[in-house]
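Below: one structure, written as structure tokens.
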Amino acid sequence: TGTAPIPINSGPVPILQYPNIITVSSGSISPGGADPGTNNVGMLRMALNTNVSNATWSKIKVDRVGGSDLDIKEVKVYYDINQVGTFNNASIGQYLLISSTGQSFGSKGSPGSIDLDFSLIPVLSQTPQLYFLSMDISTTAPPGNQISMRIVNQSYFTVNSPNTVE
């Protein structure tokens, strides 16, 4: 064997994204009622975390149940940045709005559904992070209508590859 010239370099090794499993736990935070024109009505509480490393979450699909698309002016996702643990629409400044503004059911061509784009992309970790889904009720929403929101399955969450939602 001969001597190698100095410096001796190895080839680059790309560091790959670990294939995390993202766990979602959720619960309803819907109030007993809300008046037409009420903003930031809390609907769902979601805690998300990964099993090993970091992952990014870029979109969520939400379906409307009951009422009509016109009853809801806007659908939003807030991050509990101050780790309050509960949603209080009277103190909305203590949460960080991560969804893009102006998104509502049917606004992207699918009645009763919305793919909420995020203006701020959350980086999920092993520590559970709390998010709240809320809605602004239209001033023209008829009293007596009942509206709820649902996330049908894991495919409603968009995360970076090769991560998956459980």
Side-chain angles (χ1 to χ4, degrees), residues 4 6-31 39-66 69 72-89 91-136 147-166:
I6 304 294
I8 302 170
N9 296 314
S10 73
V13 175
I15 299 174
L16 304 175
Q17 168 68 46
Y18 186 86
N20 288 284
I21 297 172
I22 298 163
T23 303
V24 180
S25 59
S26 63
S28 176
I29 57 170
S30 302
N39 291 332
N40 299 309
V41 176
M43 298 298 289
L44 287 171
R45 174 185 190 270
M46 301 173 289
L48 287 83
N49 64 286
T50 64
N51 64 329
V52 176
S53 64
N54 292 345
T56 57
W57 175 32
S58 58
K59 188 184 293 191
I60 187 169
K61 180 178 180 178
V62 181
D63 292 338
R64 174 190 49 76
V65 179
D69 289 350
I72 307 304
K73 184 171 58 177
E74 189 169 354
V75 181
K76 305 172 187 175
V77 177
Y78 286 95
Y79 170 50
D80 188 6
I81 194 167
N82 293 314
Q83 300 177 351
V84 176
T86 57
F87 188 73
N88 180 353
N89 66 349
S91 301
I92 203 66
Q94 62 190 348
Y95 311 101
L96 178 64
L97 179 65
I98 64 165
S99 55
S100 302
T101 59
Q103 300 181 89
S104 188
F105 295 111
S107 64
K108 295 184 180 180
S110 296
S113 189
I114 182 68
D115 287 326
L116 286 170
D117 296 314
F118 294 163
S119 56
L120 300 172
I121 304 298
V123 176
L124 306 174
S125 68
Q126 288 180 281
T127 304
Q129 297 173 13
L130 198 55
Y131 297 88
F132 300 103
L133 190 62
S134 74
M135 65 178 178
D136 292 352
I147 297 173
S148 59
M149 295 183 187
R150 82 176 160 198
I151 300 164
V152 174
N153 59 39
Q154 299 89 333
S155 72
Y156 277 46
F157 291 85
T158 302
V159 296
N160 65 318
S161 182
N163 302 305
T164 57
V165 177
E166 181 176 275

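Bear in mind that the values here come from a model prediction, so they are computed numbers and not experimental data.
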Original post:
If you round to the nearest 0.5 Å, how far is CG of Asp136 from CD1 of Ile72?
Top reply: 8.5 Å
Subject >> Nearest-0.5 Å distance that lies between atom OG in Ser25 and atom CD in Glu166 >> reply: 11.0 Å
Original post:
Would a distance-only check, ignoring hydrogens and angles, find a side-chain to backbone donor-acceptor pair under 3.5 Å from Asp80 to Gly85?
Top reply: yes
Original post:
Between Leu130, Ile81, Val84, Asn82, which is the residue that forms a side-chain contact (heavy atoms from CB on, under 4.5 Å) with Tyr95?
Top reply: Val84
Subject >> Partner residues of Gln129 under the side chain to side chain donor-acceptor pair (under 3.5 Å) criterion, sequence neighbours left out >> reply: Tyr131
Original post:
To the nearest 0.5 Å, how far apart are OG1 in Thr101 and CG in Asp117?
Top reply: 11.0 Å
Subject >> OG on Ser119 to CG on Leu97, rounded to 0.5 Å >> reply: 6.0 Å
Subject >> Intermediate values then yes/no, salt bridge (Lys or Arg N to Asp or Glu O under 4.0 Å), Asp115 and Lys61 >> reply: CA-CA 4 Å; Asp115 287 326; Lys61 180 178 180 178; 5.2 Å; no
Original post:
For the residue pair Ser99 and Val75, what are the closest heavy atoms and their distance?
Top reply: OG-O, 4.2 Å
Original post:
Any side-chain heavy-atom pair from Ile98 and Pro122 closer than 4.5 angstrom?
Top reply: yes
Subject >> Test log, rule side chain to side chain contact (heavy atoms under 4.5 Å, CB included), inputs Ser30 and Met43 >> reply: CA-CA 4 Å; Ser30 302; Met43 298 298 289; 3.7 Å; yes
Subject >> Thr50/Asn163 under side chain to side chain contact (heavy atoms under 4.5 Å, CB included): CA gap, chis, key distance, verdict >> reply: CA-CA 9 Å; Thr50 64; Asn163 302 305; over 6 Å; no
Original post:
Measuring from Thr86:OG1 to Ile29:CD1, what's the distance to the nearest 0.5 Å?
Top reply: 9.0 Å
Original post:
Looking at NZ of Lys76 and OG of Ser104, how far apart are the two atoms once the value is rounded to the nearest 0.5 Å?
Top reply: 11.0 Å
Original post:
Does the Ser28 side chain pair with the main chain of Leu44, one donor and one acceptor, at a distance under 3.5 Å?
Top reply: no
Subject >> Contact summary for Ile114 and Ser107, nearest pair of heavy atoms >> reply: CD1-OG, 3.4 Å
Original post:
Which atom names give the shortest non-hydrogen contact between Asn89 and Asn39, and what distance separates them?
Top reply: ND2-O, 3.4 Å
Subject >> Backbone of Gly112 reached by a side-chain donor or acceptor of Asp69 within 3.5 Å >> reply: yes
Original post:
Side-chain donor-acceptor pair under 3.5 Å between Tyr78 and Asn40, yes or no?
Top reply: yes
Subject >> Steps toward side chain to side chain contact (heavy atoms under 4.5 Å, CB included) verdict (Phe87, Val41) >> reply: CA-CA 9 Å; Phe87 188 73; Val41 176; over 6 Å; no
**OP:** Evaluate the criterion side chain to side chain contact (heavy atoms under 4.5 Å, CB included) for residue pair Ser53 and Gln17; output intermediate values, then yes/no.
**Re:** CA-CA 9 Å; Ser53 64; Gln17 168 68 46; 3.9 Å; yes
Original post:
With under 30° as parallel and over 60° as perpendicular, where do the rings of Phe157 and Trp57 fit, or are they tilted in between?
Top reply: tilted
Original post:
Sub-3.5 Å donor-acceptor pair from the side chain of Asp63 to the main-chain atoms of Arg150, do we have one?
Top reply: no
**OP:** Could you tell me whether the side chain of Asn20 and the main chain of Val52 form a donor-acceptor pair under 3.5 Å?
**Re:** yes
Subject >> Sequence-distant partners of Asn51, side chain to side chain donor-acceptor pair (under 3.5 Å), two or more places apart >> reply: none
